Amino acid sequence: MARCPCGARGSAFGAVALAASLPGFAIGVHVRHSGGQDGLQGTVTEAPLGTVDVQYKILEPSEMPIEVYHTNLGKQEYFENCLLRYTQVVEDYADKQLQALALEALDLEAASEDFRNASLWEGRHKERIGKLSNWFYNKYFSWLSGRTCGQCNVQMTSGGEHVVPTQDELEHGAHRVRLFKCPTCPNVSRFPRYKSLKKLLETRTGLCGEFARVFGLFLAALGYEYRLVLDWTDHVWNEVLIDSRWETVDTTCPGYNFKHILRWHMPVVYIVAFGAHEVLDVTARYATNWADVEARRGKDGNFDPKVAKQLIHEADERVRELRGETEPPQWRAQEAKDLDAMRLPGKL
Ligand SMILES: [Zn+2]
């Protein structure tokens, strides 16, 4: 199973470009809707296969929501939009009802380990988080892989096309809906990129963004200090504070937990951590060569890095303002020093 986000992105980009280049490709057409074939848990049961005609419209890249990565990377508006959206996700983690739903899921699905009982894990927090992450990856959340056409029993394919969301999808925060198509018949299957944590606790399916969003809620529910980390080259993961140190947790690839490394060696530009008390540029921790990062910032149509720094600073202050906090969190001074020490050429 291909789980590397950058690989998936590469193929999606090509297909969108191809679709955009074909005259008449991006106009509305009638197809048979493959209702109920998408295998999502907890979704509304749709009409049986082949009985409903729905109109769908494939979006051209210029019509896509701003969060679609490849058309907007490097633009200030996109950067600001991401800062705002991820701050919002982390705010949602404080919702006690959502936390209760996550704890219920632990009761129901994690019978072999008592993750909820903190006293059992005294002094073993890395082990607890490691096991929780493995459970999440192996038992709880599913990677969005290919879908099978119920009529033809063949693998449906996704060229990365996105379609207009329905009202119901929009209500659960899905501004993007990925389309899967059967190669031999007109059946399609939709994959809404839900933002609503409540909805994601039902669907339990997604890519790195959905994995990290939901796992962050589990960390919050168990009382940990948590951060959601966004790499602008298209990956999202978690960090958790253990023994005064921020540890990396990537539930799409638990083998890389607790290692500050990017496994696909993308040329990173910005990696920003969103926590309950802060927004912080943590690029230096994950970059292998700081001089390269600096050279990329502000180049190739990227906006002024001084502006980016200011925007992150403002987002950082805004998070604390919302919570009525006046001082940065107590770990900040040490972490700022550590990050400074990592801003060296040829770190590895
Ligand atoms: Zn088919």
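We count ligands from 1, going down the list as the structure has it; atoms in each ligand are counted the same way. Computed from a prediction, not measured in an experiment: that's the story for all the values here. Numbers here are sequence positions counted from 1.
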Does the distance from a Lys or Arg side-chain N to an Asp or Glu carboxylate O, for Glu278 and Arg227, drop under 4.0 Å?
yes
Is any side-chain N of the basic residue among Lys199 and Glu202 closer than 4.0 Å to the acidic one's carboxylate O?
yes
Does CG in Asn153 sit with more than 12 non-hydrogen atoms of other residues, nucleotides or ligands closer than 6.0 Å?
no
Before giving the answer on side chain to side chain contact (heavy atoms under 4.5 Å, CB included), spell out for Arg285 and Glu335 the whole-Å C-alpha distance, their side-chain angles and the decisive distance to 0.1 Å.
CA-CA 10 Å; Arg285 178 177 304 140; Glu335 187 173 20; 2.5 Å; yes
Hey, which protein N/O/S atoms does the Zn ion (ligand 1) have under 2.8 Å?
Cys149 SG, Cys152 SG, Cys182 SG, Cys185 SG
To the closest 0.5 Å, what do you measure between CZ (Arg193) and CZ (Arg178)?
7.0 Å
For residues 303-314, which side-chain N or O atoms pair as donor and acceptor with protein atoms under 3.5 Å away, sequence neighbours left out?
from, atom 1, to, atom 2, distance (Å)
Asp304, OD1, Lys306, N, 2.9
Gln310, NE2, Glu314, OE2, 3.0

